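The structure appears below as structure tokens.
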There are 2 protein chains.
Amino acid sequence: METRRDVFQAIADPTRRQIISLIAHKSMNLNAIAEHFEVTRPAISNHIKILYECGIISIAQTGRERFCRIQPKNLREVADWVETFRELWEQKLDSFEEYLNALHSKRKKNGKAKRRRKSHIDTKKNL
Amino acid sequence: METRRDVFQAIADPTRRQIISLIAHKSMNLNAIAEHFEVTRPAISNHIKILYECGIISIAQTGRERFCRIQPKNLREVADWVETFRELWEQKLDSFEEYLNALHSKRKKNGKAKRRRKSHIDTKKNL
DNA sequence: ACAATATGTAAACACTTGATTACATAAATA
DNA sequence: TATTTATGTAATCAAGTGTTTACATATTGT
């Protein structure tokens, strides 16, 4: 409960992801948010607290209402992390070896050269 | 334990994220992976199982060894989700209203027109 | 002033999670 | 064949999580 949560844990919960999507383009106060979900208001209140503590939303109090607004910049940590793997999935290579070839010989247009390197544990078929 | 986990939960654990990074460019068998961490092998074994069940890694068995390889395509769900917010944080707007203006009047180069709309809950200051 | 509204918080609870230790099994190796 | 190696699994446990109900507090409206 008092544990330090990070952004990845914050977005691990589906309800919290829905909250993020819900207020992405429209600030809403807590009750308005809670109306979109089956769970009770205190449950949403807790989710909001977590999102706030992780810097994913900001809260602006006006009178008795607290408007929650997305703080998109701080989702960047997630984006940055997952982006480091984009190069992997965007290469249409079907084997690790081909990937290595492409990576290590970028000068050539043809990264699919079939040359074999000395045997290495990672070059075994099916990896 | 038997719960259906999704990709977001899979990457919520820091150890699992480290495993993903570790094998991103190099398939490794389970013991090799475990050597990189403080926790015991069974703990890593369980993480591997979760990553596998979430489609983040594939496992190729050769003899008694199981080589874990990243399956980067399936990290795409995360990338796709977080990408939907990129437009938000890449806009250097400092208020929601300005964001709306920019969004609703893209024809104009100047999205910062100060025109006011009829009062609405979302237009209160500080949101 | 009083009632309604918006929200926080605490206690309680079931369930999940991440971890360990101990044991089991299959494959490689001496 | 006996031993080491790579790995899975089960039992157990402490902590953490998400939720509810019940109550408290501050603000707004009548």
Side-chain angles (χ1 to χ4, degrees), chain A residues 1-20 22-23 27-54 56-69 119 121-122 124 126-127, chain B residues 1-20 22-23 27-54 56-69 119 121-122 124 126-127:
Chain A
M1 199 202 250
E2 292 307 322
T3 321
R4 221 3 97 229
R5 261 177 260 234
D6 66 16
V7 184
F8 289 93
Q9 278 172 291
I11 65 166
D13 184 273
T15 302
R16 285 198 288 268
R17 286 201 301 284
Q18 287 177 51
I19 292 175
I20 292 172
L22 184 61
I23 65 173
S27 297
M28 296 176 72
N29 64 27
L30 201 140
N31 273 357
I33 293 169
E35 280 170 12
H36 285 75
F37 300 90
E38 298 270 282
V39 297
T40 60
R41 183 188 53 73
I44 297 297
S45 179
N46 190 45
H47 285 310
I48 293 293
K49 190 181 187 182
I50 291 167
L51 289 172
Y52 174 72
E53 287 172 353
C54 290
I56 294 182
I57 66 172
S58 62
I59 300 177
Q61 183 133 12
T62 13
R64 63 190 163 186
E65 292 177 272
R66 308 183 77 202
F67 284 89
C68 306
R69 185 193 191 185
S119 179
I121 200 166
D122 287 318
K124 284 181 181 171
N126 234 1
L127 295 185
Chain B
M1 200 202 249
E2 292 305 324
T3 320
R4 219 6 95 228
R5 260 176 262 236
D6 66 17
V7 185
F8 290 92
Q9 279 172 290
I11 65 166
D13 184 272
T15 302
R16 286 198 287 270
R17 286 201 300 283
Q18 287 178 52
I19 292 176
I20 293 172
L22 185 61
I23 65 173
S27 297
M28 296 176 72
N29 64 27
L30 200 140
N31 274 356
I33 293 170
E35 279 170 14
H36 285 75
F37 298 91
E38 299 272 281
V39 297
T40 58
R41 183 189 51 74
I44 297 298
S45 180
N46 191 45
H47 284 311
I48 293 294
K49 190 182 186 180
I50 291 167
L51 290 172
Y52 174 72
E53 287 173 352
C54 291
I56 294 182
I57 66 172
S58 62
I59 300 178
Q61 183 133 13
T62 14
R64 64 189 164 185
E65 291 177 272
R66 307 184 76 203
F67 285 90
C68 305
R69 184 193 192 185
S119 180
I121 199 164
D122 288 316
K124 285 182 181 171
N126 234 357
L127 295 186

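Protein chains get the first letters and strands the later ones, always in sequence-line order, with residue 1 at the start of each. A quick note: this is a predicted structure, and the numbers were derived from the prediction, not measured.
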Candidates A:Leu30, A:Asn29, A:Ile57, A:Ile33 - the one meeting side chain to side chain contact (heavy atoms under 4.5 Å, CB included) with A:Phe67: A:Asn29
Listed nucleotide nearest any side-chain atom of A:Lys49, set C:dT20, D:dT7, C:dT9: C:dT9
Interatomic distance where CD1 belongs to B:Ile33 and P belongs to D:dG8 [whole Å]: 10 Å
Under 4.0 angstrom between B:Gln9 side-chain N/O and C:dT17 OP1 or OP2: yes
Given DNA chain D, 5'-ward residue of the pair A:Ile44 and A:Gly63, judged by closest heavy atom: A:Ile44
Distance, rounded to the nearest Å, where B:Glu65 contributes CD and C:dA28 contributes P: 9 Å
Short side-chain N/O contact to C:dT17 OP1/OP2 from B:His47, under 4.0 Å: no
Residue-phosphate contact under 4.0 Å: A:Arg5 side-chain N/O, D:dG18 OP1/OP2: yes
4.5 Å side-chain heavy-atom contact, A:Asn31 and A:Ile44: no
OP1 or OP2 of C:dA19 under 4.0 Å from side-chain N/O of B:Thr40: no
Distance, nearest 0.5 Å, that separates CZ of B:Arg66 from OG of B:Ser45: 7.5 Å
Between C:dT16 (P) and B:Phe8 (CZ): distance, integer Å: 21 Å
Nearest-angstrom distance from the residue atom CD of A:Glu35 to P of C:dT5: 12 Å
d(CG, B:Asn46; P, D:dA11) in whole Å: 15 Å
From C:dT7, C:dA19, D:dG18, nucleotide with atom closest to B:Val39 side chain: C:dA19
Residue of the set A:Leu51, A:Asp13, A:Ile56 for which side chain to side chain contact (heavy atoms under 4.5 Å, CB included) holds with A:Ile19: A:Leu51
Whole-Å distance separating the CD1 atom of A:Ile48 from the P atom of C:dT7: 10 Å
Distance in angstrom units between B:Asn29 CG and C:dA26 C1', rounded: 15 Å
Validation row: A:Met28, A:His36 side chains within 4.5 angstrom (heavy atoms): yes
Which residue lies more 5' along DNA chain C, comparing A:Ser45 with A:Arg64 via nearest heavy atoms: A:Arg64
Position toward the 5' end of DNA chain D (nearest nucleotide), A:Ala43 or B:Pro42: B:Pro42
Distance in angstrom units between B:Ile59 CD1 and D:dG8 C1', rounded: 11 Å
